[in-house]
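One structure is given here, and the rest of the page talks about it.
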Protein chains: 2
Amino acid sequence: MEGAVGHFTGQGLASPVRDYLERLHGRFASLREGVVASYIPELAHADPDWFAICIATPDGQVYEVGDSRQPFTIQSISKPLVYGLALEDRGRERVLEKIGVEPSGEAFNSISLAPGSGSPLNPMINAGAIAAASMVAGHSEADRLDRVLSVASLYAGRRLDIDTVVFESERSTGHRNRAIGHMLRNFGIITEDPEPALNLYFQQCSIRVDCRDLALIAATLANGGINPVTKERAVRSEFVDNILSVMTTCGMYDYAGEWVYRVGMPAKSGVSGGILAVRPGQLGIGIFSPLLDPQGNSVRGVRVCEALSRDLNLHFLAPPRSALSVVHSRRSLASLRSKRRRRAAEQRLLDTEGSRARVCALQGDLNFPAIDVVLRNLTENSDTLKFAVVDLRRVARIDDAAGRMLAELVGAFAAQGKVLLFSSAQSHARFRRTLDERVSADGRGRVRLFADLDSALEWCESRLLAEHPLADAPAALIALADHSLCQGIEAPDLAHLESVMTRERFAAAEIVVRKGEALGVSLPVAARTLQCFDEASRGAFGKIDGTQYPAWWISRTETEQA
Amino acid sequence: MEGAVGHFTGQGLASPVRDYLERLHGRFASLREGVVASYIPELAHADPDWFAICIATPDGQVYEVGDSRQPFTIQSISKPLVYGLALEDRGRERVLEKIGVEPSGEAFNSISLAPGSGSPLNPMINAGAIAAASMVAGHSEADRLDRVLSVASLYAGRRLDIDTVVFESERSTGHRNRAIGHMLRNFGIITEDPEPALNLYFQQCSIRVDCRDLALIAATLANGGINPVTKERAVRSEFVDNILSVMTTCGMYDYAGEWVYRVGMPAKSGVSGGILAVRPGQLGIGIFSPLLDPQGNSVRGVRVCEALSRDLNLHFLAPPRSALSVVHSRRSLASLRSKRRRRAAEQRLLDTEGSRARVCALQGDLNFPAIDVVLRNLTENSDTLKFAVVDLRRVARIDDAAGRMLAELVGAFAAQGKVLLFSSAQSHARFRRTLDERVSADGRGRVRLFADLDSALEWCESRLLAEHPLADAPAALIALADHSLCQGIEAPDLAHLESVMTRERFAAAEIVVRKGEALGVSLPVAARTLQCFDEASRGAFGKIDGTQYPAWWISRTETEQA
């Protein structure tokens, strides 16, 4: 049960995840098909029994079973990393001019150059990887190697090094790769002597990793390019889906189609027996077992990935049910009011007019499909609608597409004489910027942001009430007898209450009374509390723990003490 | 602005989604590259200006701009639908024996049979599609055609028909396809006369659709096989990711790699100018424009899909930020209590012992990465832990992988003398079944389900209290003077209060008092309310709108009336 280092609890409670991985390891350890790679002598020394499974989550949790700390050379799994570096150094379009992104349907060491241009079909075959290595920037060969090694180390979250014995073995026996290098030079894909690019390629393949590193490299890709343990960035996020795309269509050589069909995760295998697979946003997987199938993929690695995908429902095309409904609640002012105390006549007016102000409280992530639902909720049956409040308090993230759509609705509302308001947008700086830009470019409507839902509600109420001036214009303070909380209190008691009341002002966020503490409340405190219902800035209400505190309920005892 | 039928509001408020699609349509309408297909005479009659964009969401909202109701023949877009039918009729393994799933990297009409077996490389090239057609079950040719047409109609959500002119044209000029049919017969992939399969294939290609149909077919695939408007199932959900997988790797002919790179959605194009693209769980897209590029894909269609993917962030490998954190809150009984009224001594005991009961309230969808976070929250620092409550009230869905892991934790807890409880699992029937099965198979621990969090909390409290019998054993009812709500009330008042109190019992869910109605409360009602604090079944508390109603606060007036 124990085996490798447990990062789970250490406290005795077994992790079902770890148990599951142990069972998986046990199940496939007995599978002994395939052969260890022998195309360079050093690889042939691998122990066919080595077998490790590691998974890492985007929040940095790592589970490892088996020989997870056994070092081996990274081989072709270096290809996506160096391709990402080439994208960063030269830009997407320049790299695409030199290296295609079409699957070759051929073996890993096929030459696969496009007819005519001679450009490698994709960066996951050797030809494309050598071309990518030639595009890594640097002042010298040593500098370029250092950059490749540094980037690989950032992905893994620890300093990696080169297995020089394997490197020398690769270099002295890599005749086919050398031929590819010179073909690339012939077609002008590599414009200088190909030897430095070949050297770099042989070295990148000889970077020493272990299975835990593979899981963390995968988790870094799953996490948008940031290593989930060190929190350091290994590759710019804009290139992550490019890397994952070529892994999806070309990462498993001529097994790519079946891999998508059976596993459904971007992946890359290496001839030393490693497989790295990525579930974007969710999981990084590393498997290590040197026994290879005829396509050059780890036999156990493929089977373990199939099982993981099936057991843990990781296929990237499995229909993801949208999580929580994005609309947490949809109400109107007819049923949802601010904490501002209103007179009875005002209350009645809001009872009838309140349906003209709609309130949509949203939750979760706003992406395009989610925002479409939101837009419909805001706009349907909107003939008599005057105000709509979008409350963002429970929203985790607003993506650019959703932000733009939402911002455009401000002008559409204004064009109809309606007003769209937002509350609790504080943590959505990027959306607020989009809002400012779009609304000012549009020239219709204006940005109205409220710190919280309650202040947005109060604003809508005041605007609705202003449209219908009431005959009995409100006094500065509501008379005690008119106060809804005092209904049913006899006149002598009211007079007594009024006689002991004083007018006080409270700073925002000052505590007046706490819910529950009123047991020992004295009449002056009760009066003070009642007063703050009257003056009712929301601040004053917030102080009472968000509850309409029935301050007039004072025990006979207390009253008589006063 | 208006153009096609608007399904959005009809109420004057413009939809930003529709605006966006209109702009997109305008932008690409001027693009006039490419040529109309002419390989069969009928297709050459298409108007090169035809251009429509439709999108449909998994909840059945459809947006259409341009010539969205212009009929055209479905052509190769029928291939994924018929492949799905073959999977249903023959099962996955038998279909995979006959038809591969590897991209051919070749043109749509390439023969692409695997060396040796002669099986078509994948079901999206003509050879694979003809083989799939030969695997559709039926009593007769007419029956098989009817089944294909019915299935296509289920996807589209309306009855589709065959364009017989195009069909005759296909049949009389389809020499290359006829050759393919006989090659398949030669290799034994088709075991009988290939003519009926060819006939069916020509007919399926001649099914008449419009662009709106394409969007709904795509949305049906995005929605796990159920048409989002009619709610009827077109294909079993277990085959949806198979269909989407072959679309991903083989759907766009020899443009597949670049399509994944630039668009990143499973898609299928047809030679009449249609493209269908699917964002699983989120969106179906249909584009129609008959001008084709040399790969046989609609020129505008490809460009529109690239723009949609970029603008709406639809690439399926773009790192999805996990939505809301799956752990809504993590508390312990030290700070979170049931509504059961406890005596002061009990309260103090729970203040110190409460940290031994942990409460994790979860939210959203529980899939594997989410459940990993949950498991860690339940098990870390668990040395002194005795109880853990998992509240599922806010959980939308528990997938099988997550359900199994969670169920296994029950036994792991029991093995350590700890207890794992679940509350609000009512809507998770499948999980409850998994729980029963796993726990009884495990033989450790037992399934403990509570209707709501409050009852689970109360159970934990009682168990913790039972471990530490208090010297002052509780009376059946708490004496009024001991009641925390009565602290600070003078003895004469207490005596008076007690004298007017009666003991009453209330049925579960019976309303005792409503929050806010207590204004006119009489002392008997107040007493009754206090009583129900004492007897405190949770039911009684639920009645008071979930608030600990301070019923002893009775106005002097009221008291004296009593």
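Naming convention: chains lettered A, B, ... in sequence-line order (proteins, then strands); numbering from 1 in each chain. Scope of the values below: all heavy atoms of this structure, side chains included, with no hydrogens, waters or symmetry mates.
When each of B:A370, B:A402, B:P58, B:A256 is scored by its heavy-atom pairs under 4.5 Å with chain A, the top score falls to B:A256. Options B:L96, B:N367, B:L406 differ in how many heavy-atom pairs under 4.5 Å they form with chain A, and the most are formed by B:L96. Your options are A:V246, A:T248, A:D59, and the one with the most heavy-atom pairs under 4.5 Å with chain B is A:D59.
In this structure, the portions of A:L312 lying under 4.5 Å from any heavy atom of chain B include both its backbone and its side chain. For A:I371, no part sits under 4.5 Å from any heavy atom of chain B, backbone or side chain. Neither the backbone nor the side chain of A:N122 comes within contact range of chain B; no heavy atom of the residue lies under 4.5 Å from a heavy atom of that chain. Interface remark: A:I55 contributes side-chain atoms only to the contact with chain B (heavy atom separation under 4.5 Å). Heavy atoms of A:T249 lying under 4.5 Å from chain B belong exclusively to its side chain. At a 4.5 Å heavy-atom cutoff, the contact between A:N242 and chain B is made by backbone and side-chain atoms alike. With a threshold of 4.5 angstrom between heavy atoms, A:D311 approaches chain B through its backbone and through its side chain. Heavy-atom distances place both the backbone and the side chain of A:Y261 under 4.5 Å from chain B. Only the side chain of A:V373 comes within contact range of chain B, with heavy atoms under 4.5 Å apart.
Among residues two or more places apart in sequence or in another chain, the salt bridge (charged side-chain N to carboxylate O under 4.0 Å, His left out) test is passed with A:R310 by none. For B:R404, there are no salt bridge (charged side-chain N to carboxylate O under 4.0 Å, His left out) partners two or more places apart in sequence or in a different chain.
Residues A:V260 and B:M247 are not in side-chain contact: their nearest non-hydrogen atoms beyond the backbone lie 4.5 Å or more apart. At a threshold of 4.5 Å between non-hydrogen side-chain atoms, the residues A:L317 and B:P266 count as touching. Residues B:V17 and A:E408 form no side-chain contact, since every pair of their non-hydrogen atoms from C-beta on lies 4.5 Å or further apart. Using a 4.5 Å heavy-atom threshold, the side chains of A:S245 and B:H315 count as touching.
Between A:P16 and the options B:V410, B:L375, B:T379, B:D372, a side chain to side chain contact (heavy atoms under 4.5 Å, CB included) holds for only B:L375.
Summarising the geometry of A:P103 relative to B:P103, their closest heavy-atom pair is CG-CG, 4.0 Å, with the distance given to 0.1 Å.
Remark: the backbone N or O of A:E258 is paired with a side-chain donor or acceptor of B:E102 at under 3.5 angstrom.
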Would you sort out whether A:R376 and B:T57 count as a side-chain contact (heavy atoms from CB on, under 4.5 Å), showing the intermediate values?
CA-CA 12 Å; A:R376 282 185 268 144; B:T57 66; 3.6 Å; yes
